[in-house]
Amino acid sequence: MNLFTNEITYLWIGVTMYAVAGVLITLSLVFARLGNLLGKGVAIGILGLIPHAVAIAIRWVQVGHGPYVGFYEVASSEAWVGVAIFALVAWRYPRLRGAGVLLFPATFLLVGGAVLSPSEPKELIPALRSWWLVLHVIFAKLAYGPYLLALDLSVLYWLKVKGFIKADVINRRLPEPAVLDEIAYRLIGFGFLMHGVMNVAGAIWANQAWGSYWSWDPIETWSLISWIVFAIVLHLRLVHGWRGGRAVGSVIVAGIVTVFAFFAVPYIYGGSHLPLISF
Amino acid sequence: MRFGDEARPKPISRIYRFLRSRMLALVLLAVVGGLSFTGTLFPQVARIGPVAYGQWVEANPQLAVLAQLLGLESLYSSWWFLLVFALLYASTLACTVPQFTAALKITRSQPKAPPGAGAPALHTLCLTRKTPNAEIIETVRTTLQGRGYACFRSEENNRNSLAARKGIMGVWGSPIFHSGLLVILVGVVVSGLTGFAGYVEVGEGQGFVDQSDTYIQASEGPMFRGWWWGGGHQGFVVVLERFTVKDSNWGKGVPGEITSEVLVREGNAVVKRHRIGINAPLEYGGMTIYQGDLYGIAPLFTLTQGKDRQQGMVNLAPERTRGGYENTFTPPGTTYGVKVWSGDIDGGIELEVLEKGQVVYAGTLQKGEKATWGDISLDLNDLRQWTGLRVVKDDGIPIIYIGSAVAMIGLAISFLFLRREVWVIIEDNQERRLKIGGRGYRATALFREELAEIARKIEQNLQERVSEAITGEGDQ
């Protein structure tokens, strides 16, 4: 049996489960009598991590390195970490399960994009053979997962407060705005720490590989810019006392900057990350 | 002294207060972020090199004028960018010192119950008159300690009270993080003052001496040659014995393994051999030699003009249009332009010689063959390879790594330890009540939920342990 075919099969099973989860969660929020679908939807989405993990593991064994070379691997593993972090947060705060209404469709799109992109295995070129790069990638995923979930919660906050979510049933099934705001802040705090470690590991990797820990490469610069933007978000909250709508707005702006930095900048500028996420 | 002089702050105090301003820190962060973004809109000469920058200028003349007018082609090393960074660090220093004193003050202080006059209790339990206050307080203390709170007991007048706190380590997170940033700055300054970075291209069989005129591009700090810092260049010789490139399966332009087998000589003695690769630099004499990512073919020629004979190597760089490697050179003592192209090291070369725009020779040469025009002959002795090597000395790196570790530890402390305080008072007036209040310093909504859970647990434990009949919840 073709191992590669099996990998794609597992990935499609995971993608399908994420899609089903998104549909069920949406239905549970919109229709009062379908409220019992919320738990089922979340469970299906979280269980989708299993076939997805199997797909990543098969790929790992096949190519001999972790899932961080090429858009196919990076998008797939990034989506997996995002759902895993959602699972942890939903376990800790069960009332946040409704946040899956945005997370699972976004994950479906991300993994769907990965599946449709070229996926020929690429060997690990010398520049990528470094434990510091592995740490850099791990902490990148641990940073962007919480950031994206914080963005998700902030958008939900905005929808609730601005009255776009009109149905009482949806409002009851999502936490109160103040709680959404604070959990988003906690996620950003965690992501900011992981982002900092990611930057440090990347600098050590660059110094080991090329003799320069910081060369104002556009990828490095945009990573710094997005870190500074989150530093501003945290300063606004902790030092200037921003809460509620203003704080959430700053998180949304920061989230957009980070999504741009991670996905768009490597294609616009090339640079050291291009081998990591090229098609 | 004039009337009012005593109220006017000294200039240093005014500068200190300005630097400590919270708005200043925010503005400077935004400015640094904005300037960093601006630098990504224009190619930076230091990163892409003068040749590539010149090509960009030709392709974008109007943007180039703007960039040069504003100094945007070297933004990150411009004086005004460094000034903004210096201000940001001065602001960080001014803010960090009081953060430490505040953290020390908070750590040494004890929480009070209640924390201030009129502090609202968030939960109230109505007690019977059965159980002594001491037993109730002891039950509350056990409950809070079970949740990781450190308890502080006090008695005041006729009231029994208890104050507790958790996550006090968190107040140290921010000052430690900012201190780490300051240590990083020290490392960057040490790098800038004492560091060296040079680039050299060397062919197989050739070597270079570590001295100031060897390097094609070099930058050194003003204190690099100071005797107290190791005395600058060490004068050792590095010889490239063999250069190897293996293809990868990434396609054109992305090589696999690139390695340079070198030896290091001091005088006539070979002191070290090493295979330099990406992620495998050579360290010697305080310098670190890294494998560059530029390489090409290097024909070894012997040029004969009359009785004069000289041998030399020409480095051919990658040629994008046709592929292969190409370069144009002028043989010493002549006015000819010699254009050389080679596809691979196992083939030959294509040669075109021009004088005043006219082709005087064109042909191909294999190894051992000769091209002749006028009174000049050019023998192709060998086809070798050349590569670029980067030589770096940076004593600031360990300091930067330590500062980074300190900063990350500070962030981790800030995130993991959230400061919270809970206080409990037994009020024994007409009704006997247990009042519970508290404060979560950074997460008030989440803390309210935690406090409600604490109140439920206290009520449950009072009923179980001391059989205290809770007669109900009072007004909050």
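Just so we're on the same page: letters track the sequence lines, and every chain starts at 1. Computation of the quantities below employed the complete heavy-atom set of this structure, encompassing side-chain atoms and omitting hydrogens, waters and symmetry-equivalent molecules.
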So for [X], is it side chain, backbone, both, or neither that comes closer than 4.5 Å to the heavy atoms of chain B?
X        : answer
A/Tyr185 : side chain
A/Asn207 : both
A/Trp132 : neither
A/Ser226 : neither
A/Ile232 : both
A/Tyr93  : side chain
A/Trp214 : neither

Please determine, among [options], the option with the most heavy-atom pairs under 4.5 Å with chain A.
options                      : value
B/Leu416, B/Leu411, B/Ile400 : B/Leu411
B/Ile397, B/Val32, B/Thr288  : B/Ile397
B/Gly34, B/Ala412, B/Gly277  : B/Ala412
B/Ile278, B/Val188, B/Thr259 : B/Ile278

>> Among A/Leu224, A/Leu238, A/Val229, which residue has the highest count of heavy-atom pairs closer than 4.5 Å to chain B?
In response: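 Answer, by heavy-atom pair count under 4.5 Å with chain B: A/Leu238.
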>> Heavy-atom pairs under 4.5 Å with chain B: which of A/Leu193, A/Val179, A/Ile225, A/Ile183 has the most?
In response: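 Ranked by heavy-atom pairs under 4.5 Å with chain B, first place is A/Leu193.
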What is the distance from atom [atom1] of [X] to atom [atom2] of [Y], rounded to the nearest 0.5 Å?
X        : Y        : atom1 : atom2 : value
A/Phe230 : B/Leu29  : CZ    : CG    : 14.0 Å
B/Asp394 : A/Ser212 : CG    : OG    : 8.5 Å
A/Arg186 : B/Phe415 : CZ    : CZ    : 4.5 Å
B/Thr40  : A/Trp222 : OG1   : CH2   : 5.5 Å
B/Ser414 : A/Leu234 : OG    : CG    : 8.5 Å
B/Leu26  : A/His235 : CG    : NE2   : 7.0 Å

> So B/Tyr401 and A/Val200, side-chain contact (heavy atoms from CB on, under 4.5 Å) or not? Walk me through it.
Replying inline: CA-CA 8 Å; B/Tyr401 288 173; A/Val200 171; 5.7 Å; no
Between [X] and chain A, which part of the residue has a heavy atom less than 4.5 Å away: side chain, backbone, both or neither?
X        : value
B/Leu75  : neither
B/Leu418 : side chain
B/Ser191 : side chain
B/Ala30  : both

>> If you count every heavy atom of other residues, nucleotides or ligands that lies below 6.0 Å from B/Trp56 atom CH2, does the total exceed 12?
In response: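 Yes.
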> Counting only heavy atoms not in B/Trp80, do more than 12 sit closer than 6.0 Å to its CH2 atom?
Replying inline: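 Enclosed: over 12 neighbouring heavy atoms sit under 6.0 Å from CH2 of B/Trp80.
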> Side chain of B/Arg22, backbone of A/Leu236: donor and acceptor closer than 3.5 Å?
Replying inline: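 Judged by distance alone, no pair lies under 3.5 Å.
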Taking all heavy atoms of [X] and all of [Y], pick out the closest pair and write down the distance.
X        : Y        : value
B/Ser36  : A/Thr221 : O-CG2, 3.4 Å
A/Ala209 : B/Tyr290 : O-CD2, 4.0 Å
A/Trp210 : B/Arg390 : O-NE, 3.1 Å

>> For the aromatic rings, using the six-membered ring if either is Trp, is the centroid distance between A/Trp216 and B/Phe81 under 6.0 Å?
In response: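 They qualify: ring centres under 6.0 Å apart.
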> Would you call B/Arg448-A/Glu182 a salt bridge at under 4.0 Å N-O?
Replying inline: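 Result for this pair is no, no salt bridge flagged.
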